[in-house]
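What you see is a predicted model, and the numbers here were worked out from it, not measured in a lab.
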Amino acid sequence: MTHTTVDTNGVRLHVVQAGPETGPLVLLLHGFPEFWYGWKAQIDGLAEAGYRVWAPDQRGYNLSDKPEGVAAYQLDTLVADVVGLVDAAGQQKAIIVGHDWGGIVSWWLAVSHPERVERLVILNVPHPAVTRKFIRQYPGQLLRSWYIAFFQLPVLPEWLMGANQSAMLVRTLRTSSRSGTFSPNDLAQYRAAWSQPGSVRSMINWYRALIRRPPARRPSVRVTMPALIIWGIHDPFLKQELAQASLRLCDDGRVEYLDTTHWVQHEAPQRVNELIQGFTAYTLSRPSSRT
């Protein structure tokens with residue numbers, strides 16, 4: 001693995017890179033409250049299989065730039081960051097893999113810039129167009145998503161999440177995952193990332209921007225490229241039905257259910273790697289589509 005910095009869309013993002021330069025480009029987009037390290041079980045495996053892997057700290061996280069203000073974290077801006085990464089890699093398209101918030105960015109990239117996505121892999125997050133309608137139909141999902149409303153408050157979320165060496169975030173990871181999923185060393189890595197100046201505020205601003213500055217409307221929200229949804233069925237935050245509702249917005253998609261919680265790539269790393277490689281293996285025999 002190589003740690004680098006890439007300029008994109010007016011910010012500098014810390015990116016972990018691995019694998020051959022000539023391999024198909026795979027971008028691994030982490031969610032909240034993780035950073036590139038959330039893909040530690042996928043990076044080497046995909047690189048060894050022949051993929052060119054980039055795992056960025058998305059804006060506001062860990063070692064990447066942390067612009068001030070909620071507006072800097074609007075979904076279309078987050079998508080533009082990823083488009084810039086693909087450009088920086090000298091590619092026209094990439095295989096996009098996203099978990100949690102990284103999955104939201106991935107869905108919206110596929111909707112707004114389908115020409116930049118070779119194949120789409122989503123882990124445990126619904127298509128953005130599904131969530132609001134689903135909450136109206138299934139009030140139980142609203143209770144599971146209480147934290148989104150909490151994050152709209154000023155100051156208090158930052159204070160609580162940063163207090164006592166981010167004890168609240170550590171507790172969230174531990175209680176929402178299977179026992180032993182996050183080792184003491186893992187949690188030390190996360191604490192170090194969360195302690196970066198401005199990190200907690202910036203992470204919360206992703207949620208604030210989603211409500212206060214929604215993305216531009218699109219003529220269609222359908223996903224046209226092949227899509228794979230990997231879903232841990234014991235997710236305490238998101239109901240399983242969201243996966244099928246999201247699948248209905250895909251022209252060519254399928255869902256694979258795994259016996260995990262929300263932290264699917266941590267709890268079933270080998271199976272997730274197999275699914276990603278099986279879904280994208282054809283690209284290994286094709287020349288890269290350079291810009």
- Item | Under-4.0 Å salt bridge between R222 and D252 |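 Looking at R222 and D252, the cut-off is not met.
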- Message: What I want to find out is whether D65 reaches R12 closely enough, with some N-O distance under 4.0 Å, to be called a salt bridge.
- Response: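 A salt bridge is absent here (no side-chain N lies under 4.0 Å from a carboxylate O).
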Looking at every heavy atom in both [X] and [Y], which two are closest together, and how far apart are they?
X	Y	result
I43	A55	CD1-CB, 3.9 Å
F151	I204	O-CG2, 3.6 Å
W36	M1	CZ3-SD, 4.0 Å
N273	A41	ND2-O, 3.0 Å
L284	P24	CD2-CD, 3.7 Å
Y257	A243	OH-CB, 3.9 Å

Rounded to the nearest 0.5 Å, what separation is found between the [atom1] atom of [X] and the [atom2] atom of [Y]?
X	Y	atom1	atom2	value
I230	L258	CD1	CG	6.5 Å
L210	L75	CG	CG	7.0 Å
S64	K66	OG	NZ	6.5 Å
R213	R208	CZ	CZ	13.5 Å
I96	H113	CD1	NE2	11.5 Å
H127	L120	NE2	CG	9.0 Å

[X]-[Y] side chain donor-acceptor pair, cut-off 3.5 Å:
X	Y	result
T280	Y51	yes
E267	S177	no
N62	Q196	no

N/O donor-acceptor pair under 3.5 Å between [X] side chain and [Y] backbone:
X	Y	answer
D76	P215	no
T261	D235	no
W107	V125	yes
Q58	H30	yes
S106	L29	no
D259	I233	no
K93	Q91	no
R116	V86	no

Would you call the rings of [X] and [Y] parallel, tilted or perpendicular if under 30° counts as parallel and over 60° as perpendicular?
X	Y	value
H99	H262	tilted
H3	H14	parallel
H266	F182	tilted

- Task: Any salt bridge (charged side-chain N to carboxylate O under 4.0 Å, His left out) involving residues 182-206? Give me the pairs, sequence neighbours left out, ordered by first then second residue.
- Result: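 Listed once each, the pairs are K40-D186, E68-R201.
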[X]-[Y] co-clustered via ILVMFWY side chain contacts under 4.5 Å:
X	Y	value
Y37	V200	yes
V117	V83	yes
L63	V53	no
V255	I104	yes
W194	L156	yes

- Taking everything shown except E274 itself, do over 12 heavy atoms lie less than 6.0 Å from its CD?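 More than 12 within 6.0 Å, yes.
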Would you say [X] and [Y] make side-chain contact, with heavy atoms under 4.5 Å?
X	Y	answer
L123	D100	no
I95	T283	yes
W231	P126	yes
L249	V130	yes
T260	H234	no
V111	L109	no
V272	V264	yes
P67	R59	yes

I'd like to check the side chain to side chain contact (heavy atoms under 4.5 Å, CB included) partners of [X]; sequence neighbours left out, ordered by chain and number.
X	result
R254	L228, E256, L275, F279
A209	V70, Y73
P114	T224, M225

- Check: Y207 ring centroid to F32 ring centroid under 6.0 Å: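 Between Y207 and F32, the centre distance is under 6.0 Å.
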- Would D87 and T8 count as a side chain to side chain contact (heavy atoms under 4.5 Å, CB included) if you check the C-alpha gap in whole Å, the side-chain angles of each, and the deciding distance to 0.1 Å? CA-CA 9 Å; D87 287 341; T8 172; over 6 Å; no
- For W108 and L78, run side chain to side chain contact (heavy atoms under 4.5 Å, CB included): C-alpha distance rounded to whole Å, both residues' side-chain angles, the deciding distance at 0.1 Å, then the answer. CA-CA 9 Å; W108 205 244; L78 304 175; over 6 Å; no
- Query: Is there a side chain to side chain contact (heavy atoms under 4.5 Å, CB included) between L13 and Y61 once you walk through the steps?
  - Reply: CA-CA 9 Å; L13 300 185; Y61 282 83; over 6 Å; no
- Task: Only counting residues at least two apart or in another chain, list the ones meeting side chain to side chain donor-acceptor pair (under 3.5 Å) with Q17.
- Result: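 Q17 satisfies side chain to side chain donor-acceptor pair (under 3.5 Å) with T4 only.
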- Query: What's the verdict on side chain to side chain contact (heavy atoms under 4.5 Å, CB included) for I229 and N124, showing C-alpha distance, side-chain angles and the deciding distance?
  - Reply: CA-CA 8 Å; I229 302 171; N124 274 76; over 6 Å; no
Sequence neighbours excluded and cut-off under 3.5 Å, please list the side-chain donor-acceptor pairs for residues 169-176, or say none.
from: T172; atom 1: OG1; to: M168; atom 2: O; distance (Å): 2.9
from: T175; atom 1: OG1; to: R171; atom 2: O; distance (Å): 2.8
from: S176; atom 1: OG; to: T172; atom 2: O; distance (Å): 2.6
from: S176; atom 1: OG; to: W263; atom 2: NE1; distance (Å): 2.8

